[in-house]
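Below: one structure, written as structure tokens.
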Protein chains: 2
Amino acid sequence: MPKQTFFNISKDKRETLLNAAQKEFSRVQLSEALISNIVKSAGISRGSFYQYFNDKEDLYFFLLNKYAKESKESFISILKKLNGDIFNTFIEMFHLMLKKFKTKEHGDFLRNAFLNMNHKIENTFTNGFNKRKFSNELLELSDLIDKENLNIADEKEFRHVMQILMVITLHNTISNFTNEMPIKESLENYITEIHLLKKGLCKERRR
Amino acid sequence: MPKQTFFNISKDKRETLLNAAQKEFSRVQLSEALISNIVKSAGISRGSFYQYFNDKEDLYFFLLNKYAKESKESFISILKKLNGDIFNTFIEMFHLMLKKFKTKEHGDFLRNAFLNMNHKIENTFTNGFNKRKFSNELLELSDLIDKENLNIADEKEFRHVMQILMVITLHNTISNFTNEMPIKESLENYITEIHLLKKGLCKERRR
DNA sequence: AATTATATATGACAAGGTGTCATTTGTCAA
DNA sequence: TTGACAAATGACACCTTGTCATATATAATT
């Protein structure tokens, strides 16, 4: 987390700095980003940077968290709109993300994040989903989800279902970048996979 | 790919260098690894390094490819042993990998690779699986797999099934690290997910 | 208002990494 | 022996990082 100093400075200055960071992290991925570029672009001294943050990553994950938070809010709002239909919620969310990636303001930043998705970045987005126990976030979601049609025996299986959907969704998002597919094709592929997940990969219901 | 020069030097020298690289990439992940450490540890001059490789990544992916190749061979051999049962093959493979991660010689290297898995590293391992068309590798596998019990309508769905299994498997592997779970627990979680995938996430068979 | 205490800003600096290149050393064939 | 080519070297210029002593601004106190 940024240091207290960062939250003490004026909102203007803070936003200038965040914009500079966003610009740098849109240029290249985290590991290639240069503090010196951010500092230059924000018009602050090198020393100041270290008065606000511990390091590059400190700043990066602060920014990324804002994106993640927005995403989670979108997700919940879609889920409500679709009356708890988790599958279609994921599909609509997937579509929404692909469209967001095309925008000029966020596209490159997210692109770099997803192209270099690792467990830490993933966790920022899926925070709480893949933990062993129920997190608050998952708990909040859980109540909104219609479990009638879910083929689950207990709560543990429910968590795994959510995790599976999450992972497959993330992976399809990344594929959209790496294969440079048009949105339509990505969406088709994704829906195919969701369909497969729903109906099961195995022919026999009981074996 | 390494330059021709690298393949011209003596096998001894080559192996010394690869060992030095392995050591450094076991210490930290790719982006934090230092050429200067590799060079020092291998006892060659800085200039020589650049006579063999274009950069750090050139060397890294050469090494990683060797691991990936071994994995693929293991996979095929297990698949044959299990008469094309793809689900149990994945489970046995998963188990095998977890055990390999515990070994002293490969553990740290693989750990760093998986903890920082991105699409490029992933692609080294799953190479050919997630492409739009049938790759040679997938084609070779395809013949070995018993499709009788697979709930697939066509070849396209088959590719997606393979991709789903791959992605879920990778993710569970990474979880094993990040959550520092004992092998037994990881395996249980994984099997739960495979089971869910097989039977389908949705209750109704036809909707 | 003057003084003191505290918070913030600065940029020079040492340490250390990178990739290059002119030069040296080694090898092999004529 | 000589010449041609391949491989090895390490000094070098350039760059980034994180720190720290110092300077400046802001708030608090008398």
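Quick note: numbers below take in every heavy atom, side chains included, and nothing from hydrogens, waters or symmetry partners. In what follows, every chain begins at residue 1, and chains take the letters A, B, ... in the order their sequences are listed.
- Contacts between chain B and DNA chain C, taken as any atom within less than 4.0 angstrom of a protein heavy atom, begin and end at dG17(C) to dT20(C).
- Across the protein-nucleic acid pair, Tyr50(A) atom OH and dT16(D) atom P stand 12 Å apart, rounded to whole Å.
- Ile35(A) has its CD1 atom 9 Å from the C1' atom of dT16(D), to the nearest Å.
- Atom CZ in Phe90(A) sits 13.5 Å away from atom CD in Glu193(A) (nearest 0.5 Å).
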TODO: Might you work through the salt bridge (charged side-chain N to carboxylate O under 4.0 Å, His left out) test for Glu24(B) and Lys56(B), ending with a clear yes or no?
DONE: CA-CA 11 Å; Glu24(B) 177 65 359; Lys56(B) 238 190 336 189; over 6 Å; no
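- Aromatic ring centroids of Phe109(A) and Tyr67(A) lie under 6.0 Å apart.
- For Phe114(A) and Phe125(A), the ring centers are positioned less than 6.0 Å apart.
- For the pair Glu140(A) and Lys72(A), the salt-bridge criterion is not met [side-chain N within less than 4.0 Å of a carboxylate O].
- Rounding to whole angstrom units, CD of residue Glu32(B) and P of dT16(D) are separated by 19 Å.
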Open item on the list: What does the B/S/- profile of nucleotides 8-14 of chain D look like, 5' to 3', with a 4.0 Å heavy-atom cutoff to protein?
Closed with: BBB----
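- Salt-bridge check for Glu188(B) with Lys156(A): failed, with every basic side-chain N at 4.0 Å or more from each acidic carboxylate O.
- Per the geometry, CD belonging to Glu57(A) stands 10 Å off P belonging to dG18(D), to the nearest Å.
- Between dA7(D) and Asn8(B), a contact under 4.0 Å exists linking OP1 or OP2 to a side-chain N or O.
- The CD atom of Glu157(B) lies 7.5 Å from the CG atom of Asn151(B); values are rounded to the nearest 0.5 Å.
- The aromatic rings of Phe7(B) and Phe62(B) sit perpendicular to each other, their planes meeting at more than 60°, with 30° as the lower class boundary.
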